[in-house]
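Let me begin by presenting the structure, written as C-alpha cells, before commenting on it.
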Number of protein chains: 2
Amino acid sequence: MNRVGTQKKILDAAELLFSESGYYSTSLREITAKAGVNVAAVNYHFGSKEALLDNVLERRLAPLNKLRLQMLDAVCAEAKDRGRRPSVKALMHAFIAPTIGFRDSDAGSKNFVALVGRAISEPSGTVQRSFFKFMEPFITVMIDSLHEALPDLPAELLLLRFHFSVGTLVHILRANNGAGLPEQRCMAGDRAKHKERKKGYEEPKAITTATLVDEAVNFVTAGMEA
Amino acid sequence: MNRVGTQKKILDAAELLFSESGYYSTSLREITAKAGVNVAAVNYHFGSKEALLDNVLERRLAPLNKLRLQMLDAVCAEAKDRGRRPSVKALMHAFIAPTIGFRDSDAGSKNFVALVGRAISEPSGTVQRSFFKFMEPFITVMIDSLHEALPDLPAELLLLRFHFSVGTLVHILRANNGAGLPEQRCMAGDRAKHKERKKGYEEPKAITTATLVDEAVNFVTAGMEA
DNA sequence: GTCTATACAGAGATAGAC
DNA sequence: GTCTATCTCTGTATAGAC
C-alpha cells in the first residue's frame with residue numbers, strides 16, 4: 001500500500017477513537033485494528049503514539065488556525081481602512097467564533113473539539129509544543145491587535161487578561177459535547193434544583209453554536225475591558 | 001506497620017510524583033519505591049491507581065472546599081445583615097481567593113494546584129465524579145447567591161457565565177507554576193518580542209498571588225455583569 | 001489485618017525477516 | 001514498506017508469610 005494511504009487510514013481511525021475514548025484509553029492495537037494495518041505501522045509512520053496524536057491534531061488545526069488568522073487580519077484591515085482602532089469585541093470574535101464553530105464542521109467526530117481541549121492540558125512534550133507552535137503566529141498578531149484596541153492597558157495586564165480569555169475558551173472546548181450543552185455533567189443537578197425552587201424560568205434548551213459564541217465573546221470582552 | 005502510617009506514606013509520595021510528572025507519567029512502582037512499601041500496597045489500601053489519585057486530591061480539597069463555603073457564607077450573611085444584595089465581586093472573591101491562595105499553603109508541592117487543574121479534565125469516571133461531589137454543595141450555594149446578586153439575569157445565561165468563570169479559574173490553576181507566572185511556556189516568547197518592539201514597558205515581574213486573585217476576580221466579575 | 005513476593009495480561013516500542 | 005516476533009514496563013490480582 002502507498003504511504004499516504006496507510007497514514008490517512010491510521011489518522012482517521014485514531015481521530016475517531018481518541019475522540020470517543022480519549023487518548024490514554026485508546027491503545028495502538030485498537031487503532032491499527034480499525035485502520036486495518038499492522039501494530040507496528042504507527043511507530044513506523046509516526047514514531048510514537050504521542051506523535052500520532054500530534055499529527056491527528058495538526059491535520060485539523062492547521063486549516064483552523066489559517067481561518068482564525070484570516071478573520072483577525074480582516075478585522076484589523078477593516079479598522080485600518082476606517083482609520084479606527086479595532087474593537088476588542090471584533091478581535092475576540094475572530095478568536096472565538098472559528099474555534100467554537102469548528103464543532104459544526106465535517107471534521108472526524110463531534111467530540112474532536114473536546115479532544116483538543118483535553119490535549120492542550122494533558123500529553124506532555126511533543127503535543128503541547130506543536131500546539132503552541134501552531135498558535136504562535138496567531139497569538140502574536142492577536143496580542144498586537146489587542147494592544148491597539150486597548151492602548152491604555154498595561155502590557156502585563158493585557159497579557160494576563162488574554163490568558164484568562166484563553167482559559168474560558170479552552171474550558172468551553174473541553175466541556176463541549178455533541179449537543180452543545182456546556183458542563184452538562186456538572187450543572188445538570190443544580191439546574192434541576194433551580195427549576196424546582198424558582199418558577200417562570202424557561203425550559204433549558206440546547207445552546208446553539210451562535211449563542212455560545214456570542215455569550216463567550218461578550219464575557220471575555222467585558223473581562224478584557226474591565 | 002499501622003494502617004494509616006502506610007497510607008500516609010503512599011499519599012505523600014504519590015502527591016509529590018503526580019505533581020512533578022503528572023498522573024499518567026508516574027508509575028505505581030515509582031510511587032511505592034519512594035514510599036518504601038510494596039507494589040501491591042496501593043491496590044491493597046486504595047484499590048486502584050485512579051482511586052489513589054482520588055484520595056490524594058481529597059486530602060487537600062476537603063479543607064479547601066470547607067474554607068470556600070465558609071467565605072461564601074460570610075459574604076452572604078454580611079450582605080443580609082446590611083439588608084443588601086451580595087455583590088458579584090465579593091461572591092467571586094470567595095470563590096477564587098481560597099482556590100488560588102491554596103498555592104501558598106503548605107500543601108505537598110508547589111505544583112499541586114496544577115495537578116488539580118489537570119485532574120479535572122483528565123482521568124475519567126471516579127476522579128471527576130468525586131471532584132464534583134466535593135464541589136456540589138459549594139456550587140449550589142454559589143449559584144443561588146449569584147441569582148441574588150444578579151436578579152435580572154436569566155438563569156440560563158447566569159449558568160453559562162458561571163461556567164465561563166470556572167473555565168478561567170481552572171485555566172489559572174492548570175497553568176500555575178511555582179513562580180506564579182501564568183502560561184510562561186506559551187507567552188514567554190511573545191512577551192520577549194513585545195519588549196523588543198515596544199519600549200517603556202516595565203520589566204515582567206513575577207505576579208504575586210494577591211495580584212493574580214484581584215485580576216481574576218475583576219475579569220470574571222466584569223464578565224458576569226456584562 | 002498487613003504486607004511481601006510473584007504471576008499475569010496488556011501496553012508501547014523495536015530489530016530484523018521478507 | 002510491511003509484518004512478525006520479541007522486549008520492557010505498566011497496572012492489577014492473588015497466594016501465602018508474618
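The figures that follow rest on heavy atoms only: side chains count, while hydrogens, waters and symmetry mates do not. First the proteins, then the strands, lettered A, B, ... as listed; each starts at 1.
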Just by distance, with hydrogens left out, do A/T211 and A/T208 show a side-chain donor and acceptor under 3.5 Å apart?
-> yes
Is the A/F112 to A/F102 ring centre distance short of 6.0 Å?
-> yes
To the nearest Å, give me how far apart [atom1] ([X]) and [atom2] ([N]) are.
X: A/L28; N: C/dA9; atom1: CG; atom2: P; answer: 21 Å
X: B/K49; N: C/dG10; atom1: NZ; atom2: C1'; answer: 14 Å
X: B/I31; N: D/dT10; atom1: CD1; atom2: C1'; answer: 12 Å
X: A/L52; N: C/dG12; atom1: CG; atom2: P; answer: 10 Å
X: B/R3; N: C/dG1; atom1: CZ; atom2: P; answer: 10 Å
X: B/I10; N: D/dG11; atom1: CD1; atom2: P; answer: 14 Å
X: A/F46; N: C/dA13; atom1: CZ; atom2: C1'; answer: 16 Å

Is there a donor N/O on one and an acceptor N/O on the other, under 3.5 Å, for the side chain of A/R29 and the base of C/dG10?
-> no
Counting only side-chain N and O atoms of A/T6, is one of them less than 4.0 Å from OP1 or OP2 of D/dT2?
-> yes
Taking OP1 and OP2 of D/dT2, is either one under 4.0 Å from a side-chain nitrogen or oxygen of A/H45?
-> yes
Which residues pass the side-chain hydrogen bond (donor to acceptor under 3.5 Å, both in side chains) test with [X], sequence neighbours left out?
X: B/K8; answer: B/D12
X: B/T221; answer: none
X: B/T99; answer: B/R68
X: A/E30; answer: A/S27

Select base, sugar-phosphate, or nothing to describe what A/T26 touches, counting heavy atoms under 4.0 Å on all strands.
-> sugar-phosphate
With B for base contact, S for sugar-phosphate-only contact and - for none (protein heavy atoms under 4.0 Å), nucleotides 13-18 of chain D reads BB----
Output all residues satisfying ring-ring contact (aromatic ring centres under 6.0 Å, His included) with B/F138, sequence neighbours left out; order by chain, then residue number.
-> B/F95
Looking only at side-chain atoms of A/Y44, point me to the closest of C/dT2, C/dC3, D/dG1.
-> D/dG1
